[in-house]
Amino acid sequence: MFFYYALVCFFLVVVVIIEGEEHVHINGPFGKVHSNIEIPSPFNCNRSIGISSDSLSVRIIDLQVSSTHYLNKDFLDVSWIPLSNPCKDDFIGIYFVEIPRETGACDYVDYEFIQIGQNNSTWFMINLRRQLEFRYYSRNENCTGNYEFLGKSSIVEPSNFNEPTQVHLAFGDRNDEMFVSYVTNSNEVIPQCQYGFDSTSLHFQSNGTTITYEASDMCEGKANITGPQTFINPGYMHTILLNNLNPSTIYYYRVGNNEHGWSRIYHFINRPENIDDEVNLIAYGDMGVSPVQPGAKATIDRVATRVQTNNVTAILHIGDVSYARGIGALWDSFMTQIEMVTSSVPYMVGIGNHEYDHVSGGEKDPSGAPGPGGFRPIWGNYGYDSGGECAVPLVRRFHSPSNGNGLFWYSFDIGPIHIVYYSTEHDFRRFSPQYTWLENDLRSVNRSRTPWLIVGSHRPMYTSLVVIDPIGLMLQLHIEPLLYKYQVDLNLYGHIHSYERTCPMYQHQCVENGITQILIGMGGHDLTYGNYSGTKWSLYHDIDFGYTHIWANKTYLIFNYYHTHDDHLVDQFHLNK
């Protein structure tokens with residue numbers, strides 16, 4: 001024990017510790033791919049914006065749209081007669097209608113550069129519950145001056161501002177409970193879920209509750225500033241708790257109400273509760289929004305296929321969920337992106353640095369952590385990583401069992417597996433409230449009822465990446481003995497954007513009854529390259545986008561890792577009881 005304390009102190013004195021992840025958002029909530037080498041980029045535009053009335057009489061663009069009304073996830077086409085001499089950084093942006101046309105060129109929600117001869121563009125629409133318009137901007141003075149407004153489309157708007165969108169599921173406290181959540185533009189009508197055993201007979205109905213959040217609810221940073229590239233109205237989050245559900249049973253459901261309309265009919269299979277049942281889980285971390293994050297689209301598409309074909313019981317996303325970091329439209333985009341799986345399978349999230357970490361505004365921190373910025377020891381690198389959100393959007397949108405501290409730490413059973421989430425962004429040291437809860441939870445697990453024990457948190461306890469990480473060392477000091485004492489089978493984590501699997505281990509040594517440590521941070525964000533040491537306890541390491549699949553019954557567990565670009569199985573191991 002003394003060795004670990006001495007080691008941490010040594011690193012604090014002579015080594016620069018790992019810096020927080022550096023992420024520069026290139027806004028793309030409407031499906032536009034932006035390269036961070038585009039110079040000049042309208043997203044980074046800080047030039048003064050001017051307009052010349054003379055130029056408007058010469059150059060004018062009339063943008064035509066394929067429809068002025070759309071449903072969530074519709075595609076809209078925008079067309080125009082191209083200029084004979086466009087600038088290389090002419091662009092079309094999508095704007096809130098209230099943004100001034102002459103001075104608001106850089107205040108778009110998303111944009112696309114226009115290529116020479118291009119006369120149309122396709123946009124993936126998300127329901128932001130407001131009126132929008134497309135605008136064309138070009139630079140004057142032979143493409144060396146300010147952006148000038150050349151034209152716009154008709155106003156486009158959702159066909160139904162109260163269309164139920166972002167439908168997602170989560171486990172409740174008991175095996176017979178399921179949270180069903182969705183978003184609309186109104187809190188005037190009681191949210192409802194109609195459900196049943198057949199898609200043509202939804203004869204059960206439950207009512208729910210409604211919440212939202214404001215910019216003023218956030219802790220700091222861009223999250224509490226209103227604007228198209230910062231905080232936008234998130235709509236209203238409606239949640240219905242279904243209960244008295246039968247285990248391993250298919251339920252069909254829809255959400256909404258008669259006044260504002262209903263969603264389409266979805267279905268889910270309630271979780272098993274018998275030790276003899278089989279369980280299929282999908283697990284990953286660090287996904288983010290496509291196309292802002294390069295691997296997110298491939299991952300969610302592969303996972304959707306698994307959900308349709310493999311009777312997936314739940315999806316485990318262990319932190320760094322949307323990477324919105326104060327850009328409200330990216331939350332809408334992310335929730336729309338994952339709806340294809342979250343409407344059918346419970347999506348159980350854990351807290352990451354990009355959901356939570358903040359420096360000020362602690363009185364608004366929903367975790368109840370003391371101090372202006374929560375857990376901020378001198379040996380850590382906890383910073384401004386959430387863009388000021390301090391987990392507010394996450395906890396208002398997602399749900400979990402109530403046996404811990406909300407989404408920050410909690411646990412649940414699925415058939416023969418007990419799963420525990422804890423937070424590396426909060427104090428996890430001995431005698432902290434979280435540590436006490438974690439030990440009590442692990443101690444209470446009935447291994448004759450749930451023989452498999454899986455733990456997840458965001459930051460890595462072990463990695464062979466050649467860096468000095470005092471947080472990992474402190475996890476080894478405080479948490480690893482606890483996991484080893486209670487014979488945890490798998491410890492899942494992300495934060496480093498690659499995949500790595502260890503032998504069953506304890507204190508840097510492979511041991512027969514040890515913990516298999518698995519890094520699964522390859523869900524979609526830019527991959528983490530660097531030097532990996534190839535230490536003896538690291539059995540497999542891979543730098544690629546992917547996801548993992550866990551199959552288990554009461555005596556056997558199979559862990560598979562797949563690449564998303566070809567769905568090829570690249571790593572597998574088995575555990576036996």
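Only this structure's heavy atoms are used, side chains among them; waters, hydrogens and symmetry mates stay out. Everything quoted here is computed from the prediction, not taken from an experiment.
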Q: For His267, enumerate each residue passing the ring-ring contact (aromatic ring centres under 6.0 Å, His included) test, keeping only those at least two apart in sequence or located in another chain.
A: Tyr252
Q | Main-chain N/O of Thr528 paired to Ser498 side chain as donor or acceptor, under 3.5 Å | A | no
Q | Main-chain N/O of Asp526 paired with His497 side-chain donor or acceptor, under 3.5 Å | A | yes
Q) Does the ring centre of Phe124 sit less than 6.0 Å away from the ring centre of Phe75? A) yes
Q.
Given 3.5 Å as the limit, does a donor-acceptor pair link the side chain of Ser386 with the main chain of Gly388, or not?
A. yes
**Q.** Gln166-Asp332 side chain donor-acceptor pair, cut-off 3.5 Å
**A.** yes
Q: Could you tell me which residues satisfy side-chain contact (heavy atoms from CB on, under 4.5 Å) with Val359, sequence neighbours excluded, listed by chain and number?
A: Glu220, Arg376, Tyr384
**Q.** Side chain Thr535, main chain Ser538, donor-acceptor under 3.5 Å
**A.** no
Q. Is a side-chain donor or acceptor of Thr309 paired with a backbone partner of Thr305 at a separation under 3.5 angstrom?
A. yes
Q | Parallel, tilted or perpendicular, as decided by the 30° and 60° cut-offs, for the rings of Tyr499 and Tyr561 | A | parallel
(Q) Give me each pair satisfying disulfide bond (SG atoms under 2.5 Å apart) with a member in residues 529-577, each pair once, sequence neighbours excluded. (A) none
Q) Has Arg271 got its NZ or CZ under 6.0 Å from the middle of the six-membered ring of Phe171, at an angle within 45 degrees of the ring axis? A) yes
Q | Test salt bridge (charged side-chain N to carboxylate O under 4.0 Å, His left out) applied to Asp365 - qualifying residues, sequence neighbours left out | A | none
Q.
Assess the residue pair Ser367 and His426 against the criterion (side-chain hydrogen bond (donor to acceptor under 3.5 Å, both in side chains)); give the C-alpha distance rounded to whole Å, side-chain angles, the decisive distance to 0.1 Å, and a yes or no.
A. CA-CA 9 Å; Ser367 73; His426 292 76; 2.9 Å; yes
Q.
Strictly distance-based, threshold 3.5 Å: is any side-chain N or O of Glu425 a donor or acceptor partner for the main-chain N or O of Asp357?
A. no
(Q) Please check: side-chain N/O of His478 versus main-chain N/O of Arg430, any donor-acceptor pairing under 3.5 Å? (A) yes
Q.
Under the criterion side-chain hydrogen bond (donor to acceptor under 3.5 Å, both in side chains), I'd like the reasoning laid out for Trp331 against Glu389: C-alpha separation, chi angles, the key distance, then a yes or no.
A. CA-CA 11 Å; Trp331 270 113; Glu389 290 182 352; 3.0 Å; yes
(Q) Could you check whether His458 and His495 have their ring centres less than 6.0 Å apart? (A) yes
Q) Which ring-ring contact (aromatic ring centres under 6.0 Å, His included) pairs, counting each pair once, include a residue from residues 269-307, with sequence neighbours left out? A) Tyr284-His317
Acceptor/donor pairs from residues 481-490 side chains to any protein atom, 3.5 angstrom cut, sequence neighbours excluded:
{"unit_1": "Tyr484", "atom_1": "OH", "unit_2": "Asn513", "atom_2": "OD1", "d": "3.2"}
{"unit_1": "Tyr484", "atom_1": "OH", "unit_2": "Asn513", "atom_2": "ND2", "d": "3.4"}
{"unit_1": "Gln487", "atom_1": "NE2", "unit_2": "Tyr484", "atom_2": "O", "d": "2.8"}
{"unit_1": "Asp489", "atom_1": "OD1", "unit_2": "Lys577", "atom_2": "NZ", "d": "2.8"}
{"unit_1": "Asp489", "atom_1": "OD2", "unit_2": "Arg447", "atom_2": "NH2", "d": "3.1"}
{"unit_1": "Asp489", "atom_1": "OD2", "unit_2": "Leu453", "atom_2": "N", "d": "2.9"}
{"unit_1": "Asp489", "atom_1": "OD2", "unit_2": "Lys577", "atom_2": "NZ", "d": "3.3"}

(Q) When you measure from the side chain of His168 to the backbone of Arg397, do you find a donor-acceptor pair of N or O atoms at a distance under 3.5 Å? (A) yes
Q) Is the Tyr556-His574 ring centre distance short of 6.0 angstrom? A) yes
Q | Residues, nucleotides or ligands: over 12 heavy atoms within 6.0 Å of Asp566 CG | A | yes
Q. Between Asp385 and Tyr323, does any side-chain donor sit less than 3.5 Å from a side-chain acceptor?
A. no
**Q.** salt bridge (charged side-chain N to carboxylate O under 4.0 Å, His left out) against Asp276, all qualifying residues, sequence neighbours excluded
**A.** Lys554
Q: Would you list the pairs meeting side-chain hydrogen bond (donor to acceptor under 3.5 Å, both in side chains) in which at least one residue belongs to residues 401-419, sequence neighbours left out?
A: Asp173-Ser402, Asn403-Ser411, Ser411-Asp441, Asp413-His418, His418-Asp441
Q) Can you list every pair that meets disulfide bond (SG atoms under 2.5 Å apart) and has a residue in residues 548-577, with sequence neighbours left out? A) none
Q. With sequence neighbours excluded, what pairs up with Glu500 under the salt bridge (charged side-chain N to carboxylate O under 4.0 Å, His left out) test?
A. none
Q) How are the rings of Phe559 and Phe573 set to each other: parallel, tilted or perpendicular (split at 30° and 60°)? A) parallel
(Q) Can you pull out every disulfide bond (SG atoms under 2.5 Å apart) where at least one residue sits in residues 439-533? Sequence neighbours excluded, please. (A) Cys503-Cys510
Q. NZ of Lys297: more than 12 outside heavy atoms within 6.0 angstrom?
A. no
Q: Would you check if the side chain of Thr424 reaches a backbone N or O of Arg459 as a donor-acceptor pair within less than 3.5 Å?
A: yes
Q.
Determine whether a donor-acceptor pair (N or O, by modelled atom type, separation under 3.5 Å) exists between the side chain of Glu355 and the backbone of Asp320.
A. yes
Q) So, do Leu407 and Ile351 sit near enough that their side-chain heavy atoms are less than 4.5 Å apart? A) no
Q) Is NZ or CZ of Arg306 both nearer than 6.0 Å to the six-membered ring centre of Tyr562 and within 45° of the ring axis? A) yes
**Q.** Pairs where residues 383-500 contributes a residue and the test disulfide bond (SG atoms under 2.5 Å apart) is met, not counting sequence neighbours
**A.** Cys219-Cys390
